[in-house]
Amino acid sequence: MTPPTLPIVRDEHQPALAIAAAGRQLPTPPVWFMRQAGRSLPEYRALRAEHAMLDACFDADLITEITMQPVRRHNVDAAILFSDIVVPLKAIGVDLDIVPGRGPVVAAPVRTRADVDRLRDLEAEDVAPVLEAIGAIRGQLRPDQALIGFAGAPFTLASYLIEGGPSRTYTHTKALMYGDPELWHALLDRLAHISGRYLELQVAAGAQLVQLFDSWAGALNRPDYVDLVQPHSRTALGYATSVPRIHFGVGTGELLEEIGAAGATCVGIDFRVDMRDAVRRVGGTYAVQGNLDPALLFAPWPAIEQRVRAIVDAGRGARGHVFNLGHGVLPETDPDVLTRVVELVHSLEGAA
Ligand code: 1CP
């Protein structure tokens, strides 16, 4: 296993979350929530009632405001840029929309060499409002709060492009992956450079760490992940080696070591994995992030508290721990419960 390249961390100048994600144990784990900016917040729903999702993703003022909403409300240790994994694809001219209640839908699915060749490189001017928003967000965050940039990993992006939209079975994706490996690698290489460049641009604009979302990589077994996907995720993460790098996928319990070895400093742990097992398997090499079940937030408080404490205890055994959910906040979640979880995590002090 290739050890991760850890960035040089100067503690006084780094927010706690960047330090933890780089691989350092802190007395109190920093906390944020995947999908913290979104439909669980009434202030988000009010804003989005007036603007389509993709319009909001290309408007610097809206990006800034929506990114800051959960930070103000929950006092989390990080903002995650309000955007979507398909934003860089839209920015290079792919005809797609984010359909309410469904997700990204691509007008003409990518399935041929000519389709792949049309995916051009991403330039700073393609995402100018995003980069402008990053500066504005940094201006509003406290120095101890981090700004997380993100991108979709090549496999997850490819699944939307090839299927034409969300999928449960990835039939077209896998047919191309197994049936035409040459075209598959060409597509994933294109996407790796687009994603990587997007991460690089966000870091240059002020993002202090990044997360690569390979949300659907859990659909693959380990050898296929290693041969057909991991090299491309490594290419993407290679664009952001100056900052800590979280790498996450849903249902990736079979792949944790490989998710880390793709060039991460912190491995995202979904809620199907026992945190103690995750720490035993990868916590000696990488920081870990996770892994409260988002559905647990609907249980009575004592059940939530018990699980939060258990995850924090388990996380203390790793090289670093960022508290988070094991996947995104569900839209029906009571935001006050999220705030209470942040307060609880912040109250749990242990030995560093
Ligand atoms: O109707 C709405 O309000 C739109 C819902 C929504 C939101 C708020 C979508 C559509 N995307 C987003 C924002 C978003 N997407 C963020 C914002 C910041 C935050 O986390 O607070 C992030 C990080 C994403 C990333 C994203 N988009 C992922 C990776 C994370 C994950 O959940 O695994 C994926 C897979 C997407 C695709 C996508 N975009 C939207 C939906 C509903 C989906 C999933 C569709 C599917 O199931 O395939």
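Indexing begins at 1, ligand by ligand and atom by atom, following the structure's order. Since the structure is predicted, the reported quantities are computational estimates derived from the model, not experimental observations.
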**Q.** Identity and separation of the nearest protein heavy atom to atom 46 (C) of ligand 1
**A.** Tyr160 OH, 3.2 Å
**Q.** Nearest-neighbour protein heavy atom for atom 33 (O) of ligand 1, which is reported as residue plus atom name and distance
**A.** Ser215 OG, 2.5 Å
Q.
Counting only heavy atoms closer than 4.0 Å, does ligand 1 sit against the backbone of Val86, its side chain, both, or neither?
A. neither
Table please: side-chain donor-acceptor pairs of residues 322-334 below 3.5 Å, with sequence neighbours left out.
{"unit_1": "Asn324", "atom_1": "OD1", "unit_2": "Met34", "atom_2": "N", "d": "2.9"}
{"unit_1": "Asn324", "atom_1": "ND2", "unit_2": "Trp32", "atom_2": "O", "d": "3.4"}
{"unit_1": "Thr333", "atom_1": "OG1", "unit_2": "Leu330", "atom_2": "N", "d": "3.4"}
{"unit_1": "Thr333", "atom_1": "OG1", "unit_2": "Leu330", "atom_2": "O", "d": "2.6"}
{"unit_1": "Asp334", "atom_1": "OD1", "unit_2": "Asp336", "atom_2": "N", "d": "2.9"}

Q. Can we say Arg72 and Glu65 salt-bridge, meaning some charged N sits less than 4.0 Å from an Asp/Glu carboxylate O?
A. yes
Q: Please identify which atoms of ligand 1 are closer than 4.0 Å to at least one heavy atom of Gly103.
A: 41 (C), 42 (C)
Q: Identify the protein heavy atom lying closest to atom 30 (C) of ligand 1, giving its residue, its atom name and the separation to 0.1 Å.
A: Phe213 CD2, 3.3 Å
Q: Could you tell me whether Glu43 and Arg73 have a side-chain N and a carboxylate O separated by less than 4.0 Å?
A: yes
Q. Near Ile80, which atoms of ligand 1 are under 4.0 Å from a heavy atom of that residue?
A. 18 (C), 19 (C), 20 (O), 21 (O)
(Q) Which residue and atom name correspond to the protein heavy atom nearest atom 8 (C) of ligand 1, and how close is it? (A) Tyr44 OH, 3.3 Å
Q: Return the orientation label for the Tyr170 and Phe155 ring planes: parallel under 30°, perpendicular over 60°, tilted otherwise.
A: tilted
Q: Any pair with a residue in residues 195-212 that passes salt bridge (Lys or Arg N to Asp or Glu O under 4.0 Å), sequence neighbours left out, goes on the list, sorted by first then second residue, please.
A: Arg197-Glu200
Q: Output the distance between atom CG (Leu54) and atom OG (Ser83), rounded to the nearest 0.5 Å.
A: 9.0 Å
Q. Within the structure, does Ser167 bring an N/O atom to less than 3.5 angstrom of an N/O atom in ligand 1?
A. no
Q. Is it the side chain, the backbone, both or neither of Arg102 that has a heavy atom closer than 4.0 Å to ligand 1?
A. backbone
Q: Tell me which one of Arg48, Arg45, Gln36 gets a heavy atom nearest to atom 2 (C) of ligand 1.
A: Arg48
Q: Considering only non-hydrogen protein atoms, determine which one is nearest to atom 32 (O) of ligand 1 and report residue, atom name and distance to 0.1 Å.
A: His327 NE2, 3.0 Å
Q. Side chain, backbone, both or neither: which part of Met53 comes within less than 4.0 Å of ligand 1 when only heavy atoms are counted?
A. side chain
**Q.** Heavy atom of the protein closest to atom 36 (C) of ligand 1 (residue, atom name, distance)
**A.** Arg35 NH2, 3.4 Å
Q) For ligand 1, is any non-hydrogen atom under 4.0 Å from Pro104's backbone (N, CA, C, O), its side chain (CB onward), both, or neither? A) side chain
Q.
Does this structure show an ion pair linking Arg120 with Asp126, if we count only N-O contacts that are shorter than 4.0 Å?
A. yes
Q.
Between Leu183 and Arg113, is there a side-chain heavy-atom distance shorter than 4.5 Å?
A. yes
Q | Distance filter under 4.0 Å to Ile98 heavy atoms, resulting ligand 1 atoms | A | 10 (C)
Q. Are Thr67 and ligand 1 in contact, using a heavy-atom cut-off of under 4.0 Å?
A. no
Q: Select one of side chain, backbone, both or neither to describe which atoms of Phe33 lie under 4.0 Å from any atom of ligand 1, heavy atoms only.
A: neither
Q) Between Arg190 and Asp121, is the closest basic N to carboxylate O distance under 4.0 Å? A) yes
Q) Which of the numbered atoms in ligand 1 are below 4.0 angstrom from a heavy atom of Leu81? A) 18 (C)
Q. Checking side chain to side chain contact (heavy atoms under 4.5 Å, CB included) against Trp184, which of Val116, Asp189, Leu228 comes through?
A. Leu228
(Q) Are the side chains of His346 and Asn75 in contact, using a 4.5 Å heavy-atom criterion? (A) yes
Q) Is there a donor-acceptor contact under 3.5 Å linking the side chains of Thr64 and Gln140? A) no
Q: Give a yes or no on whether Arg272 atom CZ has more than 12 heavy-atom contacts from other residues, nucleotides or ligands under 6.0 Å away.
A: yes
**Q.** Option whose closest heavy atom lies nearest to atom 39 (N) of ligand 1, chosen from Asp214, Asp84, Ile66
**A.** Asp84
Q | Shortest protein contact, atom 13 (C) of ligand 1 (heavy atom only) | A | Ser83 O, 3.1 Å
Q. Looking only at protein heavy atoms, which one is nearest to atom 22 (C) of ligand 1, and how far off is it?
A. Phe150 CZ, 3.6 Å
